[in-house]
2 protein chains.
Amino acid sequence: MYRTRVQSRSAGRPTRDDVAKHANISGATVSRVLSGRTDLSISPETRARVLEAAEKLGYRPNPAARALTSGRTGLVGLWMSFDYSRYRGQVVDHLRTVLSQTELALAVTDVDKEYTTVHSFDRPLRVPVDGIIAFDNSASIEAFAREHDRLAPNIPFVSMGAYWSEAQSFVGVDLRAGADEAMEHLLSTGRRRISYMAPWTSDLIDSGPRYEAYIGKMGAAGLPTSTIAFERVSYALIKEALVQRHDAGTLPEAILCMNDDVAIAASYVLEGLGVKTGQDVALVGFDGIEETEHCPCPITTVRQPVEEMCSLTYQFLQSQMNDSTAPPRQRILKPELVIRESTRG
Amino acid sequence: MYRTRVQSRSAGRPTRDDVAKHANISGATVSRVLSGRTDLSISPETRARVLEAAEKLGYRPNPAARALTSGRTGLVGLWMSFDYSRYRGQVVDHLRTVLSQTELALAVTDVDKEYTTVHSFDRPLRVPVDGIIAFDNSASIEAFAREHDRLAPNIPFVSMGAYWSEAQSFVGVDLRAGADEAMEHLLSTGRRRISYMAPWTSDLIDSGPRYEAYIGKMGAAGLPTSTIAFERVSYALIKEALVQRHDAGTLPEAILCMNDDVAIAASYVLEGLGVKTGQDVALVGFDGIEETEHCPCPITTVRQPVEEMCSLTYQFLQSQMNDSTAPPRQRILKPELVIRESTRG
DNA sequence: TTGTACGCGTTATCAC
DNA sequence: GTGATAACGCGTACAA
């Protein structure tokens with residue numbers, strides 16, 4: 001990657017001292033004007049000269065140089081999986097909103113399963129950030145956490161969501177509690193043949209709070225378990241999995257779906273098969289995206305406290321960024337079981 | 001932002017020379033080993049010593065210093081709006097896939113309407129990138145383009161999607177052609193009262209290829225136009241807008257929806273109102289997300305060539321990054337009208 | 001209020 | 001094959 005020195009990058013691009021020369025002033029003063037600090041006094045006249053010269057030359061401070069010398073970049077890194085879910089989209093949106101009211105900018109980078117095995121966070125670490133928010137990396141979060149002190153020492157780190165690192169600051173969502181509640185709800189409505197549905201390409205297929213709640217509650221009730229696996233979240237693949245069960249006559253009375261996107265897709269598939277959601281097969285989703293409420297058959301879901309999660313996370317991160325000796329702050333939020341038609345029937 | 005020097009950032013964090021001292025070797029050699037260059041010869045023994053020392057100290061090269069001196073960061077910036085649509089999620093996913101096969105990492109930053117008016121791309125520009133991909137910033141793309149040479153000179157820039165800058169490299173999608181085709185299709189099936197549906201908080205409400213195709217084709221046919229506006233993409237708000245039309249008895253025979261998410265939501269709302277999608281009201285969406293195919297009433301859509309768009313964009317960007325004097329490359333792709341039940345009835 | 005000079009941590013050149 | 005050393009562009013003590 002560093003094969004050749006890149007002349008073109010800086011060639012022709014004006015530097016602070018070019019502006020200084022143009023304005024008949026020292027480079028230091030250019031810095032003073034352009035760093036936007038209000039605590040320094042500069043004569044209005046020189047300020048104007050500097051601004052004019054900078055404008056004329058089209059000068060932009062080099063962010064790398066700034067970062068190197070100041071130790072700050074004004075960036076917050078959001079580390080997450082780019083596997084899309086509407087819930088993730090919603091979280092990014094909220095976080096953006098929170099940060100837009102500060103001076104910080106958000107840089108989102110992909111952290112997927114690759115990193116868990118390779119144990120190299122090389123790519124995400126290329127983004128020079130003042131703080132890191134790690135969101136819901138079910139697989140990688142463990143690696144993150146364990147390696148944080150080694151990989152990104154002194155970079156404030158907050159994990160957020162259903163998976164977190166105990167070692168640092170975190171805002172967790174106790175999805176286990178929510179999943180337990182959902183299972184109890186299903187069992188209390190008399191369902192016995194209950195399946196768990198998740199993609200087999202993800203860890204969720206046999207681990208994590210949702211899976212464990214499912215296994216735990218079924219075991220406690222003395223009921224056999226069964227998993228409906230599909231390759232990845234896609235209507236066609238979800239349909240394939242359900243049709244197979246349907247044709248084999250082994251559709252359960254209820255399905256605990258790994259998230260709302262899956263639950264919604266499942267409800268459409270079942271409808272297409274002439275199976276009534278809520279009556280013939282109950283469905284439960286996770287996350288609480290808006291669409292669950294407006295489906296033909298509104299879907300019971302375990303809603304995550306997105307707003308609170310995001311704003312707390314920012315508070316925790318900010319306190320670490322302001323004072324790196326501040327103790328980590330930790331909080332666990334409860335999700336909310338929202339009961340709708342899909343489990344009432 | 002640069003009020004105080006941040007000691008803590010570098011304090012305690014080992015540098016190249018710490019590793020050098022620890023390995024009884026010079027700093028230069030540490031660099032040579034750790035920059036992963038294969039064209040330099042280093043004795044296996046010292047290489048081992050360096051790696052061991054680096055591992056032991058938990059040394060991580062400082063990305064800012066690297067960037068400053070080498071002129072490269074290994075980062076590609078993806079500038080887009082964080083207003084979510086499933087299509088956007090899909091595009092990010094594809095781009096990730098393309099880049100994962102290279103040495104580059106992706107840093108996604110939000111560019112929304114704010115920047116258009118403020119004319120400051122301060123925040124996105126904080127991320128030190130080797131190249132920029134600007135995706136579908138309907139409003140900001142104009143500002144991007146005009147200011148690029150001033151704001152980010154020498155940083156290769158490719159605009160991608162339905163909006164692009166003529167000045168630089170781009171991979172455009174001729175949504176106008178697709179929208180024209182969709183309108184012709186609607187008109188050819190005998191529909192006359194056709195509405196356009198978009199959020200009034202977006203430029204799409206009264207500009208852009210979709211709107212212009214709508215206005216153009218209706219005008220040419222001598223038909224009156226009408227817009228169904230809603231605040232933003234949300235099932236509840238879309239429902240509100242449609243119910244109002246329904247109650248007033250002014251539902252059209254067809255609706256050209258700004259994207260698939262809106263079309264899908266509309267079809268559910270109409271279904272709830274007892275209005276048959278495809279028969280009573282035809283629907284057309286844009287983008288071609290998978291879900292349009294699997295709705296209760298599959299939806300006609302103008303499918304964007306996501307794969308081709310992403311891989312071409314990467315090629316264009318790469319050629320600029322390898323040789324900044326290379327001429328910009330430009331390509332316009334055609335979307336594909338996919339006709340389904342929602343316009344057949 | 002402004003200028004001088006140093007250092008941030010790295011890569012690259014040029015000796016050895 | 002390895003070691004000095006000069007940049008890279010900027011922020012900021014310190015001096016003026």
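Below, chain A is the first sequence line, B the second, and so on; all start at residue 1. We use all heavy atoms of the structure for the numbers below, so side chains are in, but hydrogens, waters and symmetry mates are not.
If you take CG of B:L68 and C1' of C:dG7, they are 12 Å apart, rounded to a whole angstrom. For the pair A:N62 CG and D:dC10 P, the computed distance is 6 Å after rounding to whole Å. The separation between B:R72 atom CZ and D:dC8 atom P is 17 Å, rounded to whole Å. At whole-Å resolution of the value, CZ in B:R13 and C1' in C:dG7 are 17 Å apart. In this structure, A:L125 places its CG atom 17 Å from C1' of C:dT10, rounding to the nearest Å.
Between B:C310 and B:V306 the shortest side-chain heavy-atom distance falls below 4.5 Å. Side-chain contact check for A:L68 versus B:L68: some heavy-atom pair is nearer than 4.5 Å. Contact annotation: the side chain of A:Q330 never approaches that of A:W164 to less than 4.5 Å [non-hydrogen atoms, C-beta and beyond].
Partners of A:Q168 according to the side-chain contact (heavy atoms from CB on, under 4.5 Å) rule, which considers only residues two or more places apart in sequence or in another chain, are A:H148, A:D149, A:F157, A:S165. With sequence neighbours excluded, no residue forms a ring-ring contact (aromatic ring centres under 6.0 Å, His included) with B:Y59.
For A:T46 and A:S43, the side-chain atoms include at least one donor-acceptor pair closer than 3.5 Å. Remark: the A:T73 side chain and the A:R66 side chain contain no N/O donor-acceptor pair separated by less than 3.5 Å.
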Just the atom pairs and distances: protein N or O near nucleotides 14-16 of chain C's N or O, under 3.5 Å.
none

Check against salt bridge (Lys or Arg N to Asp or Glu O under 4.0 Å), A:D130 and B:R126:
CA-CA 12 Å; A:D130 294 341; B:R126 279 184 211 160; over 6 Å; no
Using side-chain hydrogen bond (donor to acceptor under 3.5 Å, both in side chains), reason through B:T325 and B:D323 one step at a time and then give a plain yes or no.
CA-CA 5 Å; B:T325 67; B:D323 172 11; 2.6 Å; yes
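An OP1 or OP2 oxygen of C:dG9 is reached within less than 4.0 angstrom by no side-chain nitrogen or oxygen of B:R66. A close approach under 4.0 Å does not occur between any side-chain nitrogen or oxygen of A:S70 and OP1 or OP2 of D:dG11. Between A:S31 and the phosphate of D:dG11, there is a side-chain N or O to OP1/OP2 separation shorter than 4.0 Å. Put simply, A:T69 has no side-chain N or O that comes within less than 4.0 Å of OP1 or OP2 on D:dG9.
Using a 4.0 Å cut-off between charged nitrogen and carboxylate oxygen, B:D83 and A:R96 count as a salt-bridge pair. Taking a cutoff of 4.0 Å between a charged side-chain nitrogen and a carboxylate oxygen, A:K56 and A:E52 do not qualify as a salt bridge. For B:E308 and B:R331, the salt-bridge test passes: some basic side-chain N is under 4.0 Å from an acidic carboxylate O.
When all heavy atoms of A:A107 and B:T109 are compared, the pair lying nearest together is CA-CG2, 4.2 Å. Listed here is the closest heavy atom pair of A:R13 and A:R60: NH2-O, 3.3 Å.
Distance from the side chain of B:A28 is smallest for D:dG3 among the nucleotides D:dG3, D:dG11, D:dG9.
The stretch residues 43-50 of chain B touches DNA chain D through B:S43, B:T46, each having a heavy atom under 4.0 angstrom from the strand. Residues from residues 17-27 of chain B placing a heavy atom under 4.0 Å of any atom in DNA chain C do not occur.
Taking for each of A:T29 and B:P61 the nucleotide of DNA chain C with the nearest heavy atom, the 5'-most of the two is the partner of A:T29.
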Would you write out the dot-bracket form of DNA chain C, 5' to 3', with Watson-Crick and G-U pairs under 3.5 Å, [ ] for crossing pairs, | for pairs to other strands and . for unpaired bases?
||||||||||||||||
